[in-house]
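I have placed the structure first, in the form of structure tokens, so that the comments after it can refer back to it.
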There are 2 protein chains.
Amino acid sequence: MTSSRAAEAGALRREPLSDQVFTRLRDLILTGAIPPGGALPAERELAADYGVNRHAVREAVKRLQQSRLIEVFQGGRTRALDWRRTAGLDLVVDVPGTLDAVTVPGVVHDALEMRACIGADAARLCALRAGDEARAEIVAQAEAFARSGPDLTDLGVADVAWWRLIVEGSGNLAYLLAFNSLVHGAIAMEQVPVDLRSAELLDVEAHRALAERIERRDAAQAERLARELLGRSVPGTADQATTNDQAAVAPI
Amino acid sequence: MTSSRAAEAGALRREPLSDQVFTRLRDLILTGAIPPGGALPAERELAADYGVNRHAVREAVKRLQQSRLIEVFQGGRTRALDWRRTAGLDLVVDVPGTLDAVTVPGVVHDALEMRACIGADAARLCALRAGDEARAEIVAQAEAFARSGPDLTDLGVADVAWWRLIVEGSGNLAYLLAFNSLVHGAIAMEQVPVDLRSAELLDVEAHRALAERIERRDAAQAERLARELLGRSVPGTADQATTNDQAAVAPI
DNA sequence: CTGGTCAACTGTTTGGACCAGCTCTTGCCA
DNA sequence: TGGCAAGAGCTGGTCCAAACAGTTGACCAG
């Protein structure tokens, strides 16, 4: 008996209208439907097309602008930017799930690869820079991780919390923010099939060993262990024989 | 003879009002004036306080929401998030220059450190994955870099363009987006005093050598050379004796 | 004390109007 | 005929006013 008029119409859900407009326009740009340098329809036109008020369109445009997907000129038209040259890492937050399912695995792989790279250096820096208290907390959390249920999802949550301590311990704000971007995005639990990471998540001893190295300020070994552990979830880390001669950073 | 009425009033410049509101609110959150979990003033109240229309406030709020600095509840109040746990890497784009000059050098250092980490791995992957054409272009661009004027600013521009080729050649979209975030943000020419990077920028031969290793698909040496080259601009890379026991990721 | 009801918040959406700046057409002048 | 300048008609930027839709909390009946 709910007055679900909009739902019945089938046009738009109860997600805020501006968010829906944002998503649609973003996908038009990411898929190349609006090419770099191409002009977006005028705000008044977009409002008419989507059947919403112009203010909703403006809020969506503001978000696109901050994502550096478009450039806005008063008096002139709003144009699409070349997102491969301008968009930031936060783009991986929303992309998974919205575009072709074919391209998503690639994004997830890239995100895991980046996680391995940053995680290893963060472990090294954490061993070097983190205070006694922070390093002890990492050891304690490693034990808590070991006590986590056999459920892979639970392990995944505990794993993220543990790595957050390490990244925080590295003292590098850029690492921490990038970690956030990855966790909120491509590496979010929903996106990565946990069984792909089972080799990493189930090895409780490897986590303990890494924590111990950090505790002992053994930066070199901490980095090595972290790189090995995180690399397990990245297909083709050790056996680097594959060389694809195709275009770099495949069009999405 | 410009009709600079707003400028004379001293209230707000000709920067879009919503951008100014965004900046002010963002700084309130980043500085902790509005603590994590704390509520922002109501939109109607903010509009009254800043003397702008409510729509300007809403556009700013939408941007804060996308930056994952706030959480919005219809019916309830808008609350500040713990940005250290939620904000993404794009935060480094606007932060330099807006907050205390004391904390900015730290952000720049972190960004350079991250650049070294990702750049080294990108060079490795580029040597492994990039096609013949892409690798040849990197060699060519290294020569173009060598011909760049002795001006450090010009060298910096050419350097960014060259590294972009390498990151693109790595085939990792996450690396490319993170590179964009850093270039648009903390590592932007205006932020980093170029003389701090002179040891890196002036060594044309090191650039050439790295390009050659990538050309020859020598991944290991490419990574090593890249790490060494990029590490020159990061104070305290080799002589890691300093260990600060203070809190990790200092509050901004 | 418990339960539901309602008023007073909050953000969401709408409509219309006007200002400011860019662009392209139009039409005058040399 | 060529060139340039005025202006009409776009574009985004800002504002006002009102209604809609959830949440919260106080208040009152049981």
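In what follows, every chain begins at residue 1, and chains take the letters A, B, ... in the order their sequences are listed. Atoms considered below: every heavy atom in the structure, side chains included; atoms not considered: hydrogens, waters and symmetry mates.
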Check against side-chain contact (heavy atoms from CB on, under 4.5 Å), B:Gln20 and B:Leu17 | CA-CA 5 Å; B:Gln20 301 176 48; B:Leu17 295 180; 4.0 Å; yes
With side chains defined as the heavy atoms from C-beta onward, is the minimum distance between B:Arg79 and B:Leu40 less than 4.5 Å?
-> no
Whole Å only: how far is the CG atom of B:Leu46 from the P atom of C:dT10?
-> 11 Å
Using a cutoff of under 3.5 Å, can you pull out all pairs of nitrogen or oxygen atoms linking the protein to nucleotides 4-10 of chain D, with atom names and distances?
none

Sequence neighbours excluded, which residues qualify as salt bridge (charged side-chain N to carboxylate O under 4.0 Å, His left out) partners of A:Glu143?
-> A:Arg208
Those residues that, when tested against B:Glu200, pass salt bridge (charged side-chain N to carboxylate O under 4.0 Å, His left out) (two or more places apart) = B:Arg115, B:Arg197
Across all chains, not counting sequence neighbours, the ring pair (Phe, Tyr, Trp, His ring centres under 6.0 Å) partners of B:His55 are A:His55
Using a cut-off of under 3.5 Å, enumerate the N/O to N/O pairs linking the protein to nucleotides 13-17 of chain D.
residue	atom	partner	partner atom	Å
D:dG13	OP2	A:Arg58	NH2	2.4
D:dG13	O5'	A:Arg58	NH2	3.3
D:dG13	N7	A:Arg54	NH2	2.9
D:dG13	O6	A:Arg54	NH1	3.1
D:dT14	OP1	B:Leu17	N	2.7
D:dC15	OP2	B:Asn53	N	2.9
D:dC15	N4	A:His55	NE2	3.1
D:dC16	N4	B:His55	NE2	3.1

Would you verify whether the NZ or CZ of B:Arg164 falls within 45 degrees of the ring axis of B:Phe179 while also being under 6.0 Å from that six-membered ring's centre?
-> no
In whole angstrom, give the distance that lies between atom CZ of B:Arg79 and atom P of C:dT10.
-> 14 Å
Phosphate oxygens OP1/OP2 of C:dT10: is one of them under 4.0 Å from a side-chain N or O of B:Thr78?
-> no
Got a sec, which residues hit salt bridge (charged side-chain N to carboxylate O under 4.0 Å, His left out) with B:Arg54, two or more places apart in sequence or on another chain?
-> B:Glu43
